[in-house]
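Scroll down for the structure; my scribbles are underneath it.
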Amino acid sequence: MNHYSLHMVVEVTMERDNKLLYQRFLKSALSAPEVKQCYQVTGECDFVLIVTVADLDEYDRFCDQVLYGDDNLRKFRTLLSRKRHKFETSVPMESLLST
């Protein structure tokens, strides 16, 4: 069994729209080994994290250290993946050739 058996999508909403505070959050999130992908997005939230952990206890520790540890974090929402049907990182060659 894979050590990282739980995959989560975490939507993060910050309290204040401030570049320095965003950079501080990014530094913390990007240094966390549980964060496998990080996107700064538009819309309802500010960041989307793809987080993988072994179990919910490990996720709680991640939340305590990275999410609750940031005083500019307004809220976060966790979506727990029940099953991953597709995971692909390749880019079609046509996309590379058209740039």
Side-chain angles (χ1 to χ4, degrees):
M1 184 166 114
N2 187 348
H3 173 68
Y4 294 109
S5 57
L6 296 177
H7 305 274
M8 284 122 169
V9 177
V10 183
E11 299 174 345
V12 177
T13 303
M14 306 308 280
E15 187 66 43
R16 294 176 300 283
D17 188 12
N18 179 292
K19 186 175 182 175
L20 291 176
L21 295 174
Y22 278 22
Q23 289 173 342
R24 183 184 70 185
F25 172 75
L26 278 170
K27 182 178 179 183
S28 174
L30 297 178
S31 67
E34 300 88 353
V35 175
K36 303 304 179 191
Q37 298 176 51
C38 177
Y39 303 91
Q40 190 167 352
V41 298
T42 61
E44 296 292 318
C45 61
D46 298 302
F47 296 94
V48 173
L49 308 177
I50 307 300
V51 175
T52 58
V53 292
D55 54 38
L56 290 177
D57 288 335
E58 187 177 341
Y59 183 67
D60 284 341
R61 288 189 296 276
F62 165 78
C63 290
D64 289 343
Q65 293 170 1
V66 177
L67 302 177
Y68 292 124
D70 192 310
D71 60 0
N72 190 43
L73 191 137
R74 180 174 170 218
K75 66 179 182 175
F76 66 93
R77 181 172 84 145
T78 303
L79 304 165
L80 178 61
S81 171
R82 291 179 49 226
K83 184 175 183 181
R84 181 167 60 191
H85 292 279
K86 183 174 182 177
F87 177 77
E88 188 174 317
T89 59
S90 64
V91 177
M93 290 300 292
E94 302 82 41
S95 298
L96 296 173
L97 297 174
S98 65
T99 57

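Please read these numbers as outputs of a predicted model, since none were measured by experiment. Note: hydrogens, waters and symmetry copies are ignored here, and every other heavy atom, side chains too, is used.
Side-chain contact check for Leu80 versus Leu6: some heavy-atom pair is nearer than 4.5 Å. Counting only heavy atoms from C-beta outward, the side chains of Cys38 and Leu30 approach each other to under 4.5 Å. Side-chain contact check for Ser5 versus Asp55: every heavy-atom pair is 4.5 Å or farther apart. Two residues are said to be in side-chain contact when any heavy atoms from C-beta on lie closer than 4.5 Å; Cys45 and Thr13 meet this criterion.
Residues passing the salt bridge (charged side-chain N to carboxylate O under 4.0 Å, His left out) test with Asp64: none are found, sequence neighbours excluded. Taking Tyr22 as the reference, Asp17, Asp46 meet the side-chain hydrogen bond (donor to acceptor under 3.5 Å, both in side chains) condition, with sequence neighbours excluded.
To the nearest 0.5 Å, the span separating OG1 on Thr52 from CD on Gln37 amounts to 9.5 Å. Separating the NZ atom in Lys83 from the NE2 atom in His85 is a distance of 5.5 Å, to the nearest 0.5 Å. Atom CD of residue Glu11 and atom CG of residue Leu49 lie 10.0 Å apart, to the nearest 0.5 angstrom. Atom CG in Asp71 sits 8.5 Å away from atom CE in Met14 (nearest 0.5 Å). In this structure, CD in Glu58 is found 11.0 Å from SG in Cys63, a value given to the nearest 0.5 Å. With rounding to the nearest 0.5 Å, the separation of CD in Glu15 from CG in Asn72 is 7.0 Å.
Taking a 6.0 Å sphere around CZ of Arg24, one finds it holds more than 12 heavy atoms contributed by other residues, nucleotides or ligands. No more than 12 heavy atoms of other residues, nucleotides or ligands shown are found within 6.0 angstrom of CZ on Arg82. Heavy-atom contacts from other residues, nucleotides or ligands closer than 6.0 Å to CD of Glu44 number 12 or fewer.
Residues Leu21 and Leu26 fall into different hydrophobic clusters, defined by Ile, Leu, Val, Met, Phe, Trp and Tyr side chains chained together at heavy-atom separations under 4.5 Å. Hydrophobic cluster membership differs between Leu79 and Val51, with clusters built from Ile, Leu, Val, Met, Phe, Trp and Tyr side chains linked at under 4.5 angstrom.
The aromatic ring centroids of Phe76 and Tyr68 lie less than 6.0 Å from each other. Checked against the 6.0 Å centroid threshold, Phe25 and Phe47 count as a close aromatic pair.
Heavy atoms only, all atoms of each residue included: Leu73 and Leu67 are closest at CD1-O, 3.7 Å. Shown here for Pro33 and Lys36, the closest heavy-atom pair between the two residues is O-NZ, 2.8 Å. Nearest heavy atom pair, residue Ala29 against residue Val66, reads CA-CG1, 4.1 Å. Summarising the geometry of Leu56 relative to Met8, their closest heavy-atom pair is CD2-CE, 3.7 Å, with the distance given to 0.1 Å.
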Could you walk me through whether Val9 and Thr78 satisfy the side-chain contact (heavy atoms from CB on, under 4.5 Å) test, starting with their C-alpha distance in whole Å, then the side-chain angles of each, then the deciding distance to 0.1 Å, before giving a yes or no?
CA-CA 6 Å; Val9 177; Thr78 303; over 6 Å; no
